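What follows is a short report on a single structure.
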Amino acid sequence: MAQFQAVKGAKDIFPEEIVRWHYIEEVIRSVTALYGFSEVRTPVFEYTELFQRGIGSTTDIVGKEMFTFLPDPNGRSITLRPEMTAGVMRAFLQKNPGGGVPVHKLYYISDLFRKERPQAGRQRQFTQFGAELLGVSSPAAVVEAISLMMQVFGTLGLHGLKLRINSLGDLEDRSRYREELRRYLEPYRDELDEASRERFEKNPLRILDSKNPAVQGIVAGAPKLLDCIKPEGRAEFDRVLGYLADRDIAYEVDHLLVRGLDYYGHTAFEVVSSELGAQDALGGGGRYDALSKELGGSAEIPAVGFAVGMERLIIAMEKQGLFAALSPRGPQVFVVLQDAGLEEHAMRIADRLRRAGVTTETDLAGRSMKAQMREANRLLAGFALFVGQDEVASGNFTLKNLRTSEQVTLALDAIPGVLLESSKL
RNA sequence: GUGAUUGUAGCUCAGGUGGUUAGAGCGCCAGGUUGUGGCCCUGGAGGUCGGGGGUUCGAGUCCCCUCAUUCACCCCA
């Protein structure tokens with residue numbers, strides 16, 4: 001029988017890599033705290049309609065990438081969450097049905113599921129760190145979200161990132177622009193690729209971010225979305241840009257940036273890294289004021305948020321050598337026993353050391369002393385404690401410092417103190 | 001869903017035009033040191049050559065199918 005493998009697009013994470021996750025998570029928790037964000041956890045699945053309404057039924061995510069199933073024959077269709085924003089908004093609305101609540105600042109580090117073909121920086125189960133600011137979407141709020149995201153990157157030591165930003169305007173602006181774009185593209189219709197021709201009908205804005213060089217050439221001369229935005233919207237966007245400049249956050253206005261999810265409006269942004277290969281977006285976000293009503297909320301709740309791909313973050317950090325300082329920590333002591341007959345003594349001693357707060361490893365496989373010493377070395381143990389007939393009889397034990405190779409003989413009671421003292425250095 | 005790529009020991013990989021018992025490095029185990037690691041030396045274990053079918057006297061090598069991997073497209077974090 002063939003051995004089982006992890007499901008396509010799903011990854012196991014072992015201790016060597018977990019230390020990286022812990023490190024990044026720690027940074028995220030401390031930086032979000034600086035900005036007053038608190039963690040939120042929502043269910044991994046939601047009713048399918050939530051995503052259809054929230055993300056938009058014409059998007060690829062909803063159209064072909066969701067893991068959807070029926071829990072029982074007559075049950076409602078359920079979907080493993082492909083993103084977090086819709087779920088967080090749903091949770092918020094469910095908790096605060098009447099609205100009229102103060103601003104909420106929430107962050108999450110959560111697993112998501114998308115049925116895509118895996119490739120570099122893309123998995124079917126993946127993790128996003130993200131933050132949502134609910135109740136305001138003022139220029140100050142937008143900049144707070146962006147600056148939180150950038151500060152996380154900065155604290156992690158990432159460099160060479162590019163922040164791209166654009167305004168998508170409101171619904172009216174966009175429909176006006178849609179027509180203008182169609183008028184511009186009409187003459188080039190035959191030169192567009194098949195996908196773009198289809199988008200011409202359904203969602204012409206998405207032609208803008210095509211990767212096809214021929215299409216990019218055509219699109220380069222297209223009218224700009226920003227020019228179709230009403231003066232108020234334009235003024236707000238300029239304030240966002242002003243605040244960013246004030247904060248020394250470098251950005252680049254990208255007229256071709258249109259986010260793929262339907263709920264975005266006004267300011268949208270993304271951060272790309274050249275370390276990532278084809279899937280170069282490290283994070284992205286924007287305002288989504290329209291989402292709350294789309295999900296049945298009684299009032300429109302202004303909101304801004306962003307999401308960052310954790311696996312991509314790890315790839316980029318790895319490429320920049322930012323994990324070098326993460327040194328593995330071994331046990332403070334390894335209890336080495338002379339022969340298997342002393343196992344009981346060794347276990348008792350290990351127990352005593354652990355109760356005293358000393359991280360302790362011991363041989364569990366009844367192996368030779370040489371093998372035990374090798375194991376101690378492999379585990380990067382600080383000390384070896386020898387347990388033999390003589391020690392048990394006399395109550396005095398040999399403790400060897402595995403860095404310096406120095407040995408001392410000590411009464412058992414003195415050992416925890418020595419070990420705890422030495423690990424402070 | 002489409003295209004390409006790769007699949008040989010636990011890991012990283014060698015194995016011109018098909019030819020006898022399939023190799024290396026690292027790792028693992030043991031010994032050299034009958035109570036002592038890291039270095040060194042010696043030895044050992046470990047392989048349905050992804051799976052199935054075919055061509056052939058003979059297939060790791062050639063052909064077909066299949067599964068899996070990786071990268072890219074689509075799209076997105």
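Nothing here was measured: the structure is a model prediction, and the numbers come from that model. Quick note: numbers below take in every heavy atom, side chains included, and nothing from hydrogens, waters or symmetry partners. We name chains A, B, ... by the order of the sequence lines, and we start the count at 1 in each one.
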[N] [atom2] sits how many Å from [X] [atom1], rounded?
X      : N     : atom1 : atom2 : value
A:N212 : B:A72 : CG    : P     : 17 Å
A:R81  : B:A77 : CZ    : P     : 15 Å
A:M150 : B:A77 : CE    : P     : 17 Å
A:D111 : B:A77 : CG    : P     : 16 Å
A:E132 : B:A77 : CD    : P     : 12 Å
A:D12  : B:U69 : CG    : P     : 12 Å
A:D280 : B:C71 : CG    : P     : 15 Å
A:E275 : B:A77 : CD    : P     : 20 Å

Classify the nucleic acid contact of [X] as base, sugar-phosphate or nothing, counting any heavy atom under 4.0 Å across all strands shown.
X      : value
A:A384 : nothing
A:L402 : base
A:G130 : nothing
A:A120 : sugar-phosphate
A:Q407 : base
A:K64  : base

What's the gap between [N] and [M] when it is taken at their [atom1] atoms, as a whole Å value?
N     : M     : atom1 : value
B:U17 : B:U21 : C1'   : 24 Å
B:U66 : B:C39 : C1'   : 49 Å
B:U36 : B:G44 : P     : 25 Å
B:G37 : B:U33 : C1'   : 13 Å
B:U42 : B:C26 : P     : 11 Å
B:G18 : B:C57 : P     : 15 Å
B:G50 : B:U8  : C1'   : 10 Å
B:U70 : B:G47 : P     : 26 Å

Ion pair present between [X] and [Y], side-chain N to carboxylate O less than 4.0 angstrom?
X      : Y      : result
A:E318 : A:R20  : yes
A:E344 : A:R348 : yes
A:R53  : A:E294 : yes
A:E201 : A:R189 : yes
A:E236 : A:R287 : yes
A:R378 : A:E375 : yes
A:R176 : A:D173 : yes
A:K293 : A:E300 : no

Can you tell me the pairing partner of [N] across any strand shown, Watson-Crick or G-U wobble, with both distances under 3.5 angstrom?
N     : answer
B:G35 : none
B:U6  : B:A68
B:C28 : B:G44

Problem - Sequence-aligned protein contact record of nucleotides 30-35 of chain B, with B where the base is within under 4.0 Å of a protein heavy atom and S where only the sugar-phosphate is - result: S-B--B

Exercise for the section: Look at the side chain of A:Q119 and the base of B:U70, then say whether one donor and one acceptor between them are separated by less than 3.5 Å. Expected result: no

Practice task
Classify the side chain of A:N377 and the base of B:G38 as holding, or not holding, a donor-acceptor pair under 3.5 Å.
Solution key: no

Completion exercise
Between A:D209 and A:K400, whichever has its closest RNA chain B nucleotide further toward 5' is A:K400

Practice task
For A:Q5 and for A:D60, locate the closest nucleotide of RNA chain B by heavy-atom distance; then report the residue assigned to the nucleotide nearer the 5' terminus.
Solution key: A:Q5

Practice task
Kindly check if the number of other-residue, nucleotide or ligand heavy atoms within 6.0 Å of CZ (A:F45) is above 12?
Solution key: no

